[in-house]
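Here is the structure we will look at, set down as structure tokens.
Below, all heavy atoms of this structure are taken into account, side chains as well, without hydrogens, waters or symmetry copies.
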Amino acid sequence: MVRRTGAPRLEFEKAAIYEYPEHLRPWLEDLPKHPGVYVFHGESETMPLYIGKSVNIRSRVLSHLRTPDEASMLRQSRRITFIRTAGEIGALLLEAQMIKEQQPLFNKRLRRNRQLCSLQFKGEKPDVVYARDVDFSHQPGLYGLFSSRRAALGTLQSIADEQQLCYGLLGLESVRPGRACFRSALKRCAGACCGKEPLEAHNARLMDALERMRVICWPWDGPVGLRESFGEMTQYHIIHNWYWLGSVSSLSDAATISRAPQGFDNDGYRILCKPLISGEHEIIDIGAQAPQR
């Protein structure tokens with residue numbers, strides 16, 4: 001008799017250890033079909049097991065209960081709580097904040113990144129600059145947001161490979177002035193290093209590629225409110241310098257928010273850039289009505 005191995009066997013083993021979490025059934029009754037954030041709690045009162053978001057909390061939580069891949073988390077879970085929001089934007093913002101503040105055991109993304117950096121092109125070659133040193137909300141000429149210097153240089157190298165740019169002129173390797181680099185002989189560099197093409201053409205291709213990931217400066221003088229609604233619930237998300245300060249049901253309550261920006265927030269920028277710039281949402285320039293930096 002031949003014993004089967006591979007994916008089917010692995011799936012069987014996962015299913016074999018999975019037990020439907022009957023102890024979580026009482027917590028399912030009140031879950032709403034509403035946008036928001038949900039939390040799986042274990043024994044600890046201070047560190048949750050998992051924090052997630054959805055436009056339909058009930059449907060998303062139930063999907064966790066049907067998969068063997070999450071059996072370990074579900075066995076440790078003791079209760080499920082939720083916070084409603086007025087839409088997906090609010091859910092994304094709240095999820096990101098809660099994960100960074102509470103550091104849940106089973107979340108592997110949206111962790112606080114203290115090495116956030118970008119590429120800045122000034123002078124003869126791009127430099128890697130860090131959010132701790134440069135105000136990414138207002139500094140023009142920044143391209144890409146990266147978790148480390150290595151990631152930034154890796155992206156620059158990929159651009160060089162795609163556009164036949166010179167590693168030496170980009171500062172990725174040493175090259176003698178006026179001498180052809182090694183990649184030029186392999187026809188992987190168009191030859192700006194040795195005069196085969198004008199430096200202006202080389203830099204133009206570089207800037208065209210970088211432009212696709214340009215970091216947009218904060219377009220307002222102060223904080224704004226982004227209006228979001230779901231059914232009878234409306235929230236105004238108060239944002240300043242791409243940083244989410246909090247949400248209120250009325251703009252008259254914006255002044256009650258005590259949270260202040262704490263430097264450039266990569267998650268806030270990623271979540272908010274398109275909604276704020278696209279024109280698809282109502283944006284209110286609240287100026288002095290919201291907390292100042």
Side-chain angles (χ1 to χ4, degrees), residues 35-37 39 51-55 83-104 107-120 129-148 151-152 213-229 235-249 251 253-287 289-293:
V37 171
V39 183
I51 297 174
K53 65 85 189 171
S54 179
V55 295
I83 302 173
R84 298 198 309 167
T85 65
E88 184 176 20
I89 297 173
L92 284 165
L93 292 168
L94 182 58
E95 178 199 37
Q97 177 195 342
M98 290 177 65
I99 289 176
K100 282 184 286 192
E101 290 180 350
Q102 301 182 38
Q103 297 288 292
N107 286 92
K108 297 182 180 179
R109 59 187 181 88
L110 293 173
R111 302 282 186 167
R112 189 176 299 278
N113 176 23
R114 303 185 185 280
Q115 298 295 321
L116 183 68
C117 58
S118 184
L119 292 168
Q120 184 178 41
V129 294
Y130 292 87
R132 63 173 181 261
D133 303 319
V134 176
D135 182 359
F136 281 15
S137 297
H138 295 93
Q139 177 64 53
L142 298 180
Y143 302 94
L145 295 170
F146 308 98
S147 60
S148 65
M213 54 184 182
R214 179 170 59 91
V215 179
I216 298 175
C217 293
W218 180 247
W220 292 275
D221 292 333
V224 300
L226 185 154
R227 185 179 187 273
E228 189 175 34
S229 297
Q235 287 183 312
Y236 293 90
H237 308 305
I238 310 303
I239 306 142
H240 193 193
N241 297 335
W242 302 117
Y243 192 92
W244 177 55
L245 301 176
S247 298
V248 292
S249 58
L251 282 179
D253 296 327
T256 65
I257 297 176
S258 59
R259 195 175 181 216
Q262 301 173 7
F264 183 83
D265 181 31
N266 182 30
D267 296 320
Y269 180 85
R270 176 181 55 80
I271 295 168
L272 292 165
C273 189
K274 183 177 179 180
L276 284 172
I277 301 300
S278 66
E280 297 176 0
H281 299 269
E282 181 182 358
I283 308 297
I284 302 95
D285 189 348
I286 59 177
Q289 296 181 43
Q292 300 299 309
R293 292 187 63 184

Who pairs with [X] by side chain to side chain contact (heavy atoms under 4.5 Å, CB included), at least two apart in sequence or on another chain?
X	answer
Ser249	Asp253
Gln120	Lys122, Val129, Gln139, Leu142
Ala131	Leu116, Phe136

Non-neighbouring partners of Trp244 that pass side chain to side chain donor-acceptor pair (under 3.5 Å), sequence neighbours left out: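 Trp244 satisfies side chain to side chain donor-acceptor pair (under 3.5 Å) with Ser247 only.
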Glu228: partners by side chain to side chain donor-acceptor pair (under 3.5 Å), with sequence neighbours left out: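 For Glu228, the residues satisfying side chain to side chain donor-acceptor pair (under 3.5 Å) (neighbours in sequence not counted) are His237.
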Residue pairs fulfilling salt bridge (charged side-chain N to carboxylate O under 4.0 Å, His left out) with at least one residue in residues 273-284, sequence neighbours excluded: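 Sorted pair list: Arg227-Glu282.
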Any pair counted as salt bridge (charged side-chain N to carboxylate O under 4.0 Å, His left out), so long as it reaches residues 84-93, sequence neighbours left out: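 Qualifying pairs, neighbours excluded: Lys53-Glu88.
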Validation: residues 215-225 side-chain donor-acceptor distances under 3.5 Å, sequence neighbours left out:
unit_1	atom_1	unit_2	atom_2	d
Trp218	NE1	Trp220	O	3.2
Trp218	NE1	Gly222	O	3.1

Intermediate values then yes/no, side chain to side chain contact (heavy atoms under 4.5 Å, CB included), Lys100 and Asp265: CA-CA 11 Å; Lys100 282 184 286 192; Asp265 181 31; 2.6 Å; yes
Worked check of side chain to side chain contact (heavy atoms under 4.5 Å, CB included) between Ile99 and Glu95: CA-CA 6 Å; Ile99 289 176; Glu95 178 199 37; 3.7 Å; yes
Leu145 side chain near Phe264 side chain, heavy-atom distance below 4.5 Å: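 Side-chain contact under 4.5 Å: yes.
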Side chains of Leu272 and Ile277 in contact at under 4.5 Å (non-hydrogen atoms):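 Counting from C-beta outward, Leu272 and Ile277 never come under 4.5 Å.
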